[in-house]
Amino acid sequence: MASVSSQPQFRYTQPPSKVLHLRNLPWECTEEELIELGKPFGKVVNTKCNVGANRNQAFIEFADLNQAIAMISYYASSSEPAQVRGKTVYLQYSNRQEIVNNKTAADVAGNVLLVTIEGDDARLVSIDVLHLVFSAFGFVHKITTFEKTAGFQALVQFSDAETATSAKTALDSRSIPRYLLPDHVGPCTLRITYSGHTDLSVKFQSHRSRDYTNPYLPVAPSAIDGSGQISVGMDGKKLEPESNVLLASIENMQYAVTLDVLHMVFSAFGPVQKIAMFDKNGGVQALIQYPDVQTAVVAKEALEGHCIYDGGFCKLHISYSRHTDLSIKINNDRSRDYTIPNIPIVNSQPSILGQQPVQMIAPAVPQYNGAQFAPTDQAVMPQPSAGWGPTVPAVPQSVPLQMHNQPYMPPGTLPQPSQMGPGMMQSGAPPATLPPYHRGHVQ
DNA sequence: AGCACA
């Protein structure tokens, strides 16, 4: 057997081709960037980006062979290498004569994303958590989840390709923040491509699919219990009926948990309308009312079992209340209606920036817009700024979630950044208060 | 830094 024809291609002896092979591209290079790169030498008729295992290779096809030769020749003798986003790109003739099968659905920017959730516990990621994660970039119309050979996957539908692209860019290859997942769930990494779909068909609201544009859509029979509420979790386990009101009991309460502390903790997930605290069974419990069930679900999932303070102090146990609207008769240090302005607060601290707990917490929450910590003599708190409510539009410029490939903290605690007192819990570092994710950093 | 596809 002669080893003639199967020589490695890494030669300077590739025969010319209209198609150039590019390597060492920056991660997730776009075809616009490829066209820019080739344009000075001729007409780029086709491109293919994100090629190869690392998705850092690409092809450019010129209309004419001489144009490809011009580009190769130029960079062969240039002192400046070809660059994309400041990164040197290596060029050579491709061993093929044309780009075939250029665009797959995954390459064409569309309004629907195909999300693969990787990780041993991927199946335990609820549709509500996915909704929360993707809502940071814009209104999520629909989500469907399903199991394929690729694993646990979801289709997430946005209004338009631009919004979908911003979500894809920020979230692809990142992990769902730990604080959004139950304690026992391992890391879950998101792999995102575009889907060919433009409009998902969601027949029922269920644990597998949701249509957020249509609140009147019937709930899947399989997910209904006697009270008519969704009662089946992702894993098929029965759940207590969801409610917009949460019942939180506080275990091991070594430190005083005030109304304001609760308000701050629970406001991380959406506007808190009302809180009522009371003693029960020798412990303290509180009812926390959100405007909608979605927000309560997310808050419950994020906070359940977490401690407000380091060291296992003030551990929260959260369940759904049967209440839907609390009746707050008086605003005092045990109960408050944040929806009614100008009701005098009886027997209360004048400001939530009061003495102890808030100051303790503040250092753990960098870069918040400050609204929540501003002294307020009224009982009314400003609406949280970021789009954590299911229907609140997101702030496209900053991504409130911190997505890390490494889960960033042991559950239930924060590192101790504060100079005094016990640290605030991790879950209490509200998503909306985290430093914005900075785009454009070099990978 | 080394040739792809749903």
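The sequence lines fix the lettering, A, B, ..., with proteins before strands; numbering per chain opens at 1. Computation of the quantities below employed the complete heavy-atom set of this structure, encompassing side-chain atoms and omitting hydrogens, waters and symmetry-equivalent molecules.
- Checking A:V19 against A:N56, the closest nucleotide of DNA chain B that is more toward the 5' end is the one next to A:N56.
- With rounding to whole Å, A:Q14 atom CD is found 19 Å from B:dA1 atom P.
- The CG-P distance, from A:L155 to B:dA6, rounds to 16 Å in whole Å.
- At whole-Å resolution of the value, CZ in A:R23 and P in B:dC3 are 8 Å apart.
- Comparing B:dA1, B:dG2, B:dC3 by their closest approach to the side chain of A:N54 singles out B:dG2.
- Taking for each of A:Y90 and A:T149 the nucleotide of DNA chain B with the nearest heavy atom, the 5'-most of the two is the partner of A:Y90.
- A:W27 places its CH2 atom 19 Å from the C1' atom of B:dA1, with the value rounded to the nearest Å.
- Applying the 6.0 Å contact sphere to NE2 of A:H317 captures more than 12 heavy atoms from other residues, nucleotides or ligands.
- With B:dA4, B:dA1, B:dC3 as the choices, the nucleotide that has an atom nearest any side-chain atom of A:S94 turns out to be B:dC3.
- Ring centroid separation for the pair A:Y93 and A:H21 does not come in under the 6.0 Å cut-off.
- Distances from the side chain of A:I99 to the nucleotides B:dA4, B:dA1, B:dG2 place B:dA4 closest.
- Residues that satisfy the salt bridge (Lys or Arg N to Asp or Glu O under 4.0 Å) test with A:K142, not counting sequence neighbours, are A:D199.
- Taking every side-chain heavy atom of A:V51 into account, B:dA4 is the closest of B:dG2, B:dA1, B:dA4.
- A:L34 has its CG atom 13 Å from the C1' atom of B:dA4, to the nearest Å.
- For A:Y74 and A:F41, the ring centers sit closer than 6.0 Å to each other.
- Atom-to-atom, CZ of A:R191 to P of B:dA6 comes out at 18 Å; the value is rounded to the nearest Å.
- Here the two rings, on A:H131 and A:Y212, have centers that are under 6.0 Å apart.
- A:K48 places its NZ atom 7 Å from the P atom of B:dC5, with the value rounded to the nearest Å.
- Between the base of B:dG2 and the side chain of A:Q57 there is no donor-acceptor pair shorter than 3.5 Å.
- In this structure, A:F59 atom CZ and B:dC5 atom C1' are separated by 11 Å, rounded to whole Å.
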